[in-house]
Each structure stands twice: as C-alpha cells, then as structure tokens.
There are 2 protein chains.
Amino acid sequence: MIDRIIQKIKDKGGRMTIQRVTILELLAKLDHPTAEEIFQYTHDRFPSLSFTTVYNTLKSFKQLGVIQEYYMEERSRFELSEKPHPHFHCLQCGCLNDLDPGKITIIMDETLEEELAPVDVELFLHGFCQDCRRNEDKS
Amino acid sequence: MIDRIIQKIKDKGGRMTIQRVTILELLAKLDHPTAEEIFQYTHDRFPSLSFTTVYNTLKSFKQLGVIQEYYMEERSRFELSEKPHPHFHCLQCGCLNDLDPGKITIIMDETLEEELAPVDVELFLHGFCQDCRRNEDKS
DNA sequence: ATAAATGCAAATGCTTTGCATTGCC
DNA sequence: GGCAATGCAAAGCATTTGCATTTAT
C-alpha cells in the first residue's frame with residue numbers, strides 16, 4: 001500500500017527521500033496524527049529530521065493528493081487518504097476517529113450538486129469519545 | 001431576533017455592553033465573518049473596541065451557545081446560530097455559504113447514533129464558489 | 001546537471017493571557 | 001458593591017518563509 005503511494009508521488013514528479021518515507025510510514029501507522037506527533041515519532045528514529053521538513057512534506061503530500069488535512073479546533077490532523085470521509089471528533093480530548101461510511105448516507109438535492117459541483121464532502125460528528133465518557137463517569 | 005439573543009445571554013448570566021451589542025449586530029449583518037472582519041467593522045463605529053474584546057466576546061458567546069465557530073483552513077469563521085448547519089466552502093477565496101438544510105439529508109445508522117451520542121453534526125461541501133469560477137473563466 | 005528537498009533560524013499571524021481599570025446588574 | 005467585561009501590552013503557539021546546503025533523479 002505504501003509502495004503504491006510512493007509510486008503515485010513519483011509519477012507526479014515528487015521525489016522520495018528517507019525523510020519522506022519515514023513520514024509516510026508514520027502516517028500509515030498513527031491515527032490521524034498532528035504535525036507535532038509526526039515530528040515526535042520521527043525524532044526517535046531520525047533525530048535530524050526537522051519540523052520544517054514535516055510541514056513541507058505534509059504540504060507537498062497534500063498537493064499530490066495522497067493525504068487529507070482536517071482543520072480541527074485544536075490543530076490540523078492528517079490522514080493517508082485520497083478523499084475525505086466521515087469522522088467522529090471528541091470535544092474533550094480532540095481525538096478524531098474514522099466512521100464507517102456505510103453507516104452514514106448523505107443525500108444531496110440534484111440541483112444543488114449541479115449548481116455547486118462540490119469537489120468533496122466533509123462530515124464530522126462532534127461529541128465525547130468513549131474514553132472521555134468513561135473518565136467522566138469516574139469523577 | 002437580536003433582542004431574543006440578548007435576553008438569552010442575560011438569562012445565562014452574561015452582561016450586555018455597548019461592545020457586545022455592536023458585535024452581535026455585526027454577526028447578524030455580516031456573512032460568516034472572521035474575528036478580524038468583525039474588528040475592522042467595529043473599528044469604524046467604535047474605535048476603542050479592542051481585538052481582545054472581539055475574541056473575549058466571541059468565546060463567551062460561543063460558551064453561551066448563541067454562536068457557532070467553524071475552523072476553516074484559512075481561519076475561524078463565526079455565525080449567529082445555536083446549532084451548526086451545512087455549508088459550502090470555497091477552496092479558492094475561503095468564503096463560507098449557508099446551504100439549505102432541506103436540500104441535504106444525512107441518514108445515520110441508529111446503532112451509530114446510540115453508540116456515539118453526537119452533540120452535533122457538521123457538514124461542508126468544498127469546491128469553487130460562483131464568483132471564483134466566473135473569474136477563472138475570464139482568464 | 002538540475003530541480004527538488006532539507007533544515008536552520010527567523011518571521012508571521014492568529015489567538016490567548018495577565019492585569020489594572022471600567023462599568024453593568 | 002461585586003463581579004463580569006474591557007483593553008493594553010506581552011506572550012504563546014502552530015505554521016511559514018528565506019536561504020544556503022544537500023541529494024534524488
């Protein structure tokens with residue numbers, strides 16, 4: 001799967017560096033990481049990898065269409081995906097979780113679709129995640 | 001309508017000042033303004049109104065449940081509304097437009113709704129607004 | 001060879017905070 | 001009168017930029 005993404009990046013004229021591969025692997029491993037989380041993890045294996053490179057790379061990946069960026073209340077979160085899909089966002093801890101797209105149907109008026117020609121559709125449910133609700137119960 | 005909102009703010013223990021009324025009126029008048037846009041407009045009629053007060057007030061209004069804040073790519077946009085509703089967001093100019101909720105239906109699996117108990121649902125269509133498409137055609 | 005990617009330091013820009021003053025209820 | 005709101009200056013923090021160096025293709 002990562003190989004396919006690397007190929008796509010190269011096909012579009014992007015270059016692969018150790019830094020970029022490391023960031024790509026982290027994007028596959030972590031769950032909707034922030035730029036800082038990516039930096040922290042890379043720092044372990046790759047101390048010279050800079051924050052600037054994390055940002056440059058994420059921006060580049062985004063333009064190449066291999067990742068999504070979600071602008072959450074707290075900060076941006078990233079995801080290895082070509083299209084946005086529905087998410088649950090916790091109002092307390094700020095975590096982001098994928099939702100099964102099969103369990104949510106969005107029906108749009110045809111005239112609206114033609115008129116606006118949306119490039120993509122973003123949907124968030126906001127609430128309190130299980131972990132946060134569990135901790136709330138204890139107190 | 002503004003009177004009703006003022007009443008709600010007071011009922012919840014908030015106080016009304018000239019600054020707050022001015023900001024409230026601007027929220028009613030402007031279309032999804034940013035904090036800066038609000039500040040610019042208030043500055044005309046009310047030069048002493050500070051940026052801090054704009055931010056304080058928006059934060060307070062949000063906690064009191066009279067406005068919504070949308071975290072867009074460019075910056076936050078605000079809206080006089082108790083609940084979020086569907087929007088169209090322009091990928092070029094960053095403008096935000098209300099969508100007729102009647103033209104978009106979101107159907108959620110019952111089990112999902114019970115499990116997550118979402119507080120609210122946010123939906124964005126991303127694309128290019130009419131103005132931006134028109135300008136694009138000219139070039 | 002050349003155009004892209006890296007990484008440092010510095011800058012930017014939005015937003016928040018501390019705190020003394022003001023003013024609503 | 002008491003507590004919330006104001007507004008100034010300063011700080012905070014995520015993200016971006018300039019630029020010289022390195023490196024993939």
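Order of the sequence lines sets the chain letters (A, B, ...), proteins ahead of strands, with each chain counted from 1.
The CG-C1' distance, from Asn56(A) to dT17(D), rounds to 10 Å in whole Å. Distance Met16(A) CE to dA4(C) C1': 13 Å, rounded to the nearest Å. Between the NZ atom of Lys12(A) and the C1' atom of dA24(D) there is a distance of 20 Å, rounded to whole Å. The nearest whole Å value for the distance from the CD1 atom in Ile38(B) to the P atom in dC14(C) is 14 Å. Note: CD (Glu74(A)) to P (dT15(D)) measures 12 Å, nearest angstrom. Between the P atom of dA14(D) and the OH atom of Tyr71(A) lies a distance of 16 Å, rounded to the nearest Å. The separation between Lys10(A) atom NZ and dA5(C) atom C1' is 14 Å, rounded to whole Å. Atom C1' of nucleotide dT15(D) and atom CE of Met72(A) are separated by 18 Å, given to the nearest angstrom.
Between Ile18(B) and Arg75(B), it is Arg75(B) whose nearest contact on DNA chain C lies nearer the 5' terminus. With the nearest nucleotide of DNA chain C identified for both Tyr55(B) and Leu49(A), Leu49(A) has the one nearer the 5' end.
Within 4.0 Å of Thr34(B), counting heavy atoms only, lies no atom of the nucleic acid at all.
Phosphate contact (OP1/OP2 of dG7(D), side-chain N/O of Gln19(B), threshold under 4.0 Å): present. Within the 4.0 Å cut-off from OP1 or OP2 of dT6(C), not a single side-chain nitrogen or oxygen of Ser48(A) is found. Side-chain N/O atoms of Lys59(A) include one lying less than 4.0 angstrom from OP1 or OP2 on dT17(D). Remark: Ser76(A) is in phosphate contact with dT15(D), judged by side-chain N or O atoms under 4.0 Å from OP1 or OP2. In this model, the phosphate group of dA4(D) is not approached by any side-chain N or O of Arg20(B) to a distance below 4.0 Å at OP1 or OP2.
A donor-acceptor contact under 3.5 Å is formed by the side chain of Thr52(A) with the base of dC8(C). Within 3.5 Å, a donor on the side chain of Arg15(A) pairs with an acceptor on the base of dA3(C), or the reverse.
For Thr17(A), whose side chain is taken as the heavy atoms from C-beta onward, the closest listed nucleotide among dA5(C), dG7(C), dA5(D) is dA5(C). Side-chain proximity of Thr53(A) to the nucleotides dT25(D), dT15(D), dT6(C) is greatest for dT6(C). Among the nucleotides dG7(C), dT15(C), dG7(D), the one closest to the side chain of Ser50(A) is dG7(C).
A donor-acceptor contact closer than 3.5 angstrom links the side chains of His87(A) and Glu79(A). Between the side chains of Asn97(A) and His32(A), no donor N or O sits under 3.5 Å from an acceptor N or O. Ser81(B) and Gln68(B) are not linked by any side-chain donor-acceptor pair at a separation below 3.5 angstrom, with hydrogens and angles left out of the test.
For CD of Glu82(A), the number of neighbouring non-hydrogen atoms (other residues, nucleotides, ligands) closer than 6.0 Å is 12 at most.
Partner of Phe46(B) under the side chain to side chain contact (heavy atoms under 4.5 Å, CB included) criterion, chosen from Ile23(B), Ile18(B), Thr53(B): Ile18(B).
There is a path of hydrophobic side-chain contacts, each under 4.5 Å, that joins Leu30(A) to Leu80(A).
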